[in-house]
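Below is one structure; the comments refer to it alone.
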Amino acid sequence: MDDAAAEKIYYTDDMGGYLLDTGNDDARSEGMSYGMMMAVQMDEKEVFDKIWAWSHKNMYHQDGFNKGYFAWHCHTDGTKIDDGPAPDGEEFFAMALFFAANRWGNGEGIYNYAEMARTILSDCLHKGYEREGHAMWDRDNYLIRFVPGVDFTDPSYHLPHFYELFAEWANEEDRAFWAEAAKRSRTYLVTAAHPETGLTPEYSYDDGTPNHIRGFGDFYSDSYRTAANIGMDYEWCGREETPVQIVENIHKFFHGVDPEEYTRYKIDGTKFDEKARHPLGLLATNAAASLAYDDGTKGKWFIDLLWNTPMRTDRNRYYDNCLYFFAILALSGNYRMWK
């Protein structure tokens, strides 16, 4: 098997294209929306449209309690495994669609990208209020939910750099909400991150304390994305409120640590015996987080290590290689806002 085949996560069928979660043999709204973002950044319209067609046909709920949302994972034949949505998919779908509209122009039907993005975001805010279902954001505190209907969040879902753009392009009635959501997410991340290590839990309550339900109150796979998100927020928006101190603390904690030694951690830095499932993903996000520094030399150790580390080729490659792809895009200046 050549390297490209061993690293492969994108496949096509007669319904379009999908990103395969190779560790679970399914397609997830996370990965599908990631694939669309990768495609628009790489100017691959055909790939983008294939992934979007597959996602809309198989994942998107046309009716029922979850109308307007995407089932978070499906079998590769398109049948839904779980009807429930995961909000990180919706926010990436919307952002990728807006970028596609701005880069390539709108088409008709589901290829009217900007209209589809506005529809998704409208449902995310208005379900549970004016429409049947549950909202993906709490309209009282402006925080994204881990899944609709629960009272906790996932720090790695907080994308204030996306919300700044939603505040420009979403339906006019919702723009003030998105502008405030960007501010609230930046503030929230400070409360969720440990003040010394910078580590965040996978799930946390709205006051920032870890939610240990089913073991998700520690620093593990979901958590890795938080640092990279802060780097992208600073790169795109350059706000003084962007919590760059979190990145500095994370870099101090991981500097000089061989990725083979990564484990599960409590957010205070205490190590578990359990090895990290996605060490390349953690390295990639730590490298991408370097964008939070004005002085690009501070994250050089992580960037150099990532550059000299190949993509993953085993069964668990999906998540790591997605984060690797985004890190290389970001660090090369090719993860852009398309306006």
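All heavy atoms count here, side chains included; hydrogens, waters and symmetry mates do not. Small disclaimer: the values here were computed from a predicted structure and weren't measured. Numbers here are sequence positions counted from 1.
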(message) Within the 3.5 Å criterion, strictly below it, is a donor on Asn24 or Asp21 matched to an acceptor on the partner's side chain?
(response) yes
(message) Determine whether the aromatic ring centres of residues His251 and Tyr293 are separated by less than 6.0 angstrom.
(response) yes
(request) Output yes when a side-chain donor or acceptor of Tyr157 lies under 3.5 Å from a complementary backbone atom of Thr153, and no otherwise. (result) no
(message) Less than 4.0 angstrom from a charged side-chain N to a carboxylate O is my criterion; do Glu46 and Lys50 meet it?
(response) yes
(request) Say whether, by atom type as modelled, one donor and one acceptor occur between the side chain of Arg317 and the main chain of Met311 under 3.5 angstrom. (result) no
(message) Using a 3.5 Å distance criterion without hydrogens, assess whether the side chain of Asn249 forms a donor-acceptor pair with backbone atoms of Thr197.
(response) no
(message) Given 3.5 Å as the limit, does a donor-acceptor pair link the side chain of Trp52 with the main chain of Ile110, or not?
(response) yes
(request) Calculate, to the nearest 0.5 Å, the distance between atoms OG1 and CD belonging to Thr22 and Glu7 respectively. (result) 12.0 Å
(request) Answer yes or no: is there an ion pair linking Glu260 with Lys275, defined by an N-O contact shorter than 4.0 Å? (result) no
(request) Keeping the roles fixed (side chain from Asp233, backbone from Pro160), state whether a donor-acceptor pair exists under 3.5 Å. (result) no
(message) Ring centroids only, cut at 6.0 angstrom: are His61 and Tyr69 within range, meaning strictly under it?
(response) no
(message) Please find the pair of heavy atoms, one from Met15 and one from Asp77, that lie closest to each other, and give the distance.
(response) CE-O, 3.4 Å
(message) Looking only at the side chains, is there a donor atom on one of Tyr18 and Asn58 sitting less than 3.5 Å from an acceptor on the other?
(response) no
(message) So Ser29 and Trp72, do their side chains get closer than 4.5 Å, heavy atoms only?
(response) yes
(request) Flag the pair Arg225 and Asp88 as a salt bridge only when some basic side-chain nitrogen lies within less than 4.0 angstrom of an acidic carboxylate oxygen. (result) yes
(request) Go through the side-chain N and O atoms of Glu235 and Tyr335 and say whether any donor and acceptor fall under 3.5 Å apart. (result) no
(message) With a 4.5 Å cut-off on side-chain heavy-atom distances among I, L, V, M, F, W and Y, is there a chain of contacts connecting Val47 to Tyr111?
(response) yes
(request) Using modelled atom types only, decide if a donor and an acceptor are shared between the side chain of Ser185 and the backbone of His158 within a distance under 3.5 Å. (result) no
(request) Answer yes when Arg312 and Asp314 have at least one side-chain N-carboxylate O distance shorter than 4.0 Å, and no when they do not. (result) yes
(request) Identify the residue among Tyr220, Tyr224, Tyr265 that makes a side chain to side chain contact (heavy atoms under 4.5 Å, CB included) with Leu199. (result) Tyr265
(message) Within the 3.5 Å criterion, strictly below it, is a donor on Asn66 or Asp83 matched to an acceptor on the partner's side chain?
(response) no
(request) Verify whether one side chain among Glu30 and Tyr318 offers a donor that lies under 3.5 Å from an acceptor in the other. (result) yes
(request) Give, for atom CD1 of Ile144 and atom CD of Glu90, the distance between the pair rounded to the nearest 0.5 Å. (result) 9.0 Å
(message) Please report the interatomic distance CG(Asp268) to CZ(Phe253), rounded to the nearest 0.5 Å.
(response) 8.5 Å
(message) Against Met32, only a single residue in His56, Met37, Met59 fulfils side chain to side chain contact (heavy atoms under 4.5 Å, CB included); can you say which?
(response) Met59
(request) Could you tell me the separation between the CE atom of Met42 and the CG atom of Asn334, rounded to the nearest 0.5 Å? (result) 7.5 Å
(request) Calculate, to the nearest 0.5 Å, the distance between atoms CD1 and OG1 belonging to Ile230 and Thr285 respectively. (result) 10.5 Å
(message) Any carboxylate oxygen within less than 4.0 angstrom of a Lys/Arg side-chain nitrogen, looking at Glu196 and Lys252?
(response) no
(message) Would the distance check show the side chain of Tyr324 and the main-chain N or O of Thr309 forming a donor-acceptor pair, the cut-off being under 3.5 Å?
(response) yes
(request) Let me see the working for Phe70 and Phe93 under ring-ring contact (aromatic ring centres under 6.0 Å, His included), right down to the final yes or no. (result) CA-CA 10 Å; Phe70 295 80; Phe93 277 129; 4.2 Å; yes
(message) Which heavy atom of Ser221 sits nearest to which heavy atom of Arg277, and what is that distance?
(response) OG-CB, 4.5 Å
(request) Compare every heavy atom of Ala287 with every heavy atom of Leu331, then report the nearest pair and how far apart it is. (result) CD2-O, 3.6 Å
(request) Please tell me if the side chains of Phe216 and Asp222 come closer than 4.5 Å, counting only heavy atoms from C-beta onward. (result) no
(message) Using modelled atom types and a 3.5 Å cut-off, is there a donor and acceptor pairing between side-chain atoms of Thr263 and backbone atoms of Lys271?
(response) no
(request) Verify whether the ring centers belonging to Phe48 and Trp104 lie closer than 6.0 Å. (result) yes
(request) Compute whether any side-chain donor of one residue and acceptor of the other, for Asn112 and Glu108, lie under 3.5 angstrom apart. (result) no
(message) Classify the ring geometry of Phe152 against Tyr205: parallel below 30°, tilted from 30° to 60°, perpendicular beyond 60°.
(response) perpendicular
(message) What I want to find out is whether Arg186 reaches Glu164 closely enough, with some N-O distance under 4.0 Å, to be called a salt bridge.
(response) yes
(message) With a 4.0 Å cut-off on N to O distance, would you call Arg28 and Asp26 a salt bridge?
(response) yes
(message) Is any side-chain heavy atom of Arg239 closer than 4.5 Å to one of Cys237?
(response) yes
(message) Let me check something: do Met232 and Tyr234 share a hydrophobic cluster, defined by ILVMFWY side-chain heavy atoms less than 4.5 Å apart, either directly or through other members?
(response) no
(message) Do Ile120 and Tyr34 land in one hydrophobic cluster if side-chain heavy atoms of ILVMFWY residues count as linked below 4.5 Å?
(response) yes
(message) If only side-chain N and O atoms count, and only distance matters, is there a donor-acceptor pair under 3.5 Å linking Arg131 with Ser122?
(response) yes
(message) Is any side-chain heavy atom of Tyr188 closer than 4.5 Å to one of Leu143?
(response) yes
(message) Is the distance between the ring centroids of Phe177 and Tyr142 under 6.0 Å?
(response) yes
(request) Enter the distance from Trp54:CH2 to Asp13:CG here, rounded to the nearest 0.5 Å. (result) 7.0 Å
(message) Ring centroids only, cut at 6.0 angstrom: are Tyr129 and Trp137 within range, meaning strictly under it?
(response) no
(message) Between Lys127 and Asp123, does any NZ, NE, NH1 or NH2 come within less than 4.0 Å of an OD or OE carboxylate oxygen?
(response) no
(message) Any salt bridge linking Arg118 with Glu115? Criterion: basic side-chain nitrogen under 4.0 Å from a carboxylate oxygen.
(response) yes
(request) Assess the side chains of Ser204 and Asn211: does a donor N or O sit below 3.5 Å from an acceptor N or O? (result) no
(request) Would you please indicate yes or no on a ring centroid separation below 6.0 angstrom for Phe99 and Trp236? (result) yes
(request) For the pair Asn171 (side chain) and Glu173 (backbone), establish whether a donor and an acceptor sit closer than 3.5 Å, ignoring hydrogens and angles. (result) no
(message) For Lys183, is there any backbone N or O sitting under 3.5 Å from a side-chain donor or acceptor partner on Thr187?
(response) yes
(request) May I ask you to check whether Asn229 and His161 show a side-chain donor-acceptor distance below 3.5 Å? (result) no
(message) Looking only at the side chains, is there a donor atom on one of Asp154 and Tyr203 sitting less than 3.5 Å from an acceptor on the other?
(response) no
(message) As a quick check of understanding, evaluate salt bridge (Lys or Arg N to Asp or Glu O under 4.0 Å) for Asp304 and Lys300, giving each step before the final call.
(response) CA-CA 6 Å; Asp304 287 346; Lys300 189 173 186 299; 2.6 Å; yes
